[in-house]
Amino acid sequence: MAETKPTATPVKSSTSVQPKKKSNSIAWLAPLLCIVGGYVIWRFVLGSASNFTEPDLSGGFWPHHKGPKGGLVRMYEGGIIVPILIATFLIVITFIIERFLTIGKATGTGNIAEFIRKVQYHLANKNVDQAISECDKQKGSVGNVMKAGLRKYKEMISNTELDTEQKVLAIQKEVEEATALELPMLEKNLVFLSTIASVATLLGLLGTVLGMITSFAALGAEGGGAAAAELSRGISEALYNTALGIGTSAFAIIFYNIFTTRIDAITYGIDESGFTLTQSFASLYK
């Protein structure tokens, strides 16, 4: 009778990384409020009857005032695309502030490179608890990922069931899982800036084209010198759409690039932290 050998029970590597439950209500609430705000600014601030020499007192959704008293007020006569462009600008401002706060928190306190050097020093002296306390001081995404990896690092030191290679893989897996939870938070809502960077210019051109169509239609209907003056005025008003669209687009592009650069720096720090943990364990606990 053949002798049967007992099979080893596979070791399950538990993870201390827990998904972060955060609502993203700003992603749908902010655009709605900005659209309402854009219309209010266009209709009741720029379109206030006191800003025109010949106001349309009938009221309504879009009063046809004439004779703007100032250069900025002329933006009102740019048409119905103007409040949409104002809304896109407000959306850009809202998400710039939101991303500054979020990415600033994710960056943490102190220099990331200096933080990693401190952790490396503590690990070289086999002082894992002190390295974890450095993560608590850092309070950023790099610190969160490093802390998750260090907890697994500490667990693997006392583990007698796995060999060194398996322990290193377990630490690496923990770091990857922690990273997968941190990165979406950094990149969240950047899509609004990237989208508006492209769309705002097109909206501005659309508003300009609509204004030009109206102006040339008036020229064909009236004729004469008065029509030429009306055409010049109409073209001037229509170009406000282009200026507002290009300005909003440029603003969005600048801050999108700023944020992506800061995110790349944090991502590099996370990658370096994972490399630090695996290399340290492999060299110290062979």
Side-chain angles (χ1 to χ4, degrees), residues 26 29-100 189 192-222 225-259:
I26 190 174
L29 186 59
L32 291 177
L33 293 177
C34 289
I35 290 172
V36 174
Y39 174 75
V40 169
I41 292 173
W42 174 76
R43 170 66 178 82
F44 298 102
V45 179
L46 296 177
S48 174
S50 61
N51 291 332
F52 297 86
T53 57
E54 300 179 30
D56 180 4
L57 301 179
S58 61
F61 177 79
W62 183 3
H64 295 282
H65 302 307
K66 293 183 179 180
K69 295 180 181 179
L72 188 62
V73 178
R74 291 183 180 276
M75 191 183 300
Y76 174 82
E77 296 185 324
I80 198 61
I81 300 297
V82 172
I84 300 176
L85 288 169
I86 294 175
T88 60
F89 183 75
L90 294 177
I91 292 171
V92 168
I93 295 296
T94 299
F95 285 105
I96 284 175
I97 295 172
E98 186 269 340
R99 286 294 87 194
F100 258 125
N189 295 334
F192 286 95
L193 296 183
S194 61
T195 301
I196 290 176
S198 302
V199 172
T201 303
L202 298 177
L203 286 173
L205 292 174
L206 174 62
T208 301
V209 170
L210 293 177
M212 297 285 282
I213 291 173
T214 303
S215 298
F216 279 104
L219 177 63
E222 296 181 13
E230 184 71 16
L231 174 64
S232 299
R233 185 185 67 82
I235 292 175
S236 175
E237 293 166 355
L239 289 176
Y240 276 102
N241 288 276
T242 303
L244 189 56
I246 292 175
T248 300
S249 178
F251 207 62
I253 290 172
I254 290 170
F255 281 94
Y256 178 83
N257 289 333
I258 289 174
F259 292 140

Within-4.5 Å side-chain heavy-atom neighbours: [X] and [Y]:
| X | Y | value |
| --- | --- | --- |
| T88 | L203 | yes |
| T94 | L33 | no |
| Y256 | F95 | no |
| S58 | H64 | no |
| V36 | L32 | no |
| N51 | H65 | no |
| I86 | L46 | yes |
| F52 | V73 | yes |

| query | Quick one: are the ring centres of F61 and Y39 less than 6.0 Å apart? | reply |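 Ring centroids of F61 and Y39 are less than 6.0 Å from each other.
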Find the distance between [atom1] ([X]) and [atom2] ([Y]) and round it off to the nearest 0.5 Å.
| X | Y | atom1 | atom2 | value |
| --- | --- | --- | --- | --- |
| L206 | N241 | CG | CG | 8.0 Å |
| T242 | I81 | OG1 | CD1 | 11.5 Å |
| L193 | S198 | CG | OG | 11.0 Å |
| I196 | I253 | CD1 | CD1 | 11.5 Å |
| E98 | N189 | CD | CG | 4.5 Å |
| C34 | I84 | SG | CD1 | 13.5 Å |

Check: Between the main-chain N or O of A238 and the side-chain N or O of T208, is there a donor-acceptor pair closer than 3.5 Å?
Finding: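 Between the backbone of A238 and the side chain of T208 there is a qualifying donor-acceptor contact (under 3.5 Å).
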Nearest heavy-atom pair of [X] and [Y]: which atoms, and what distance?
| X | Y | value |
| --- | --- | --- |
| K66 | E77 | CA-OE2, 3.7 Å |
| P31 | I26 | CD-O, 3.6 Å |
| V92 | A252 | CG2-CB, 4.0 Å |
| A200 | S249 | CB-N, 4.0 Å |

For a side chain to side chain contact (heavy atoms under 4.5 Å, CB included) check, start with the C-alpha distance between T248 and L85, then their side-chain angles and the critical distance, and finish with the verdict. CA-CA 8 Å; T248 300; L85 288 169; 5.6 Å; no
Checklist entry - Can you list the steps and then say if W42 with I80 is a side chain to side chain contact (heavy atoms under 4.5 Å, CB included)? => result CA-CA 9 Å; W42 174 76; I80 198 61; 3.9 Å; yes
Exercise. Should the pair F100 and F259 be assigned to parallel (<30°), tilted (30 to 60°) or perpendicular (>60°) ring geometry?
Worked result: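 The arrangement is perpendicular - the two ring planes meet at more than 60°.
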request  = Please step through side chain to side chain contact (heavy atoms under 4.5 Å, CB included) for the pair T53 and K69, ending with a clear verdict.
outcome  = CA-CA 7 Å; T53 57; K69 295 180 181 179; 4.2 Å; yes
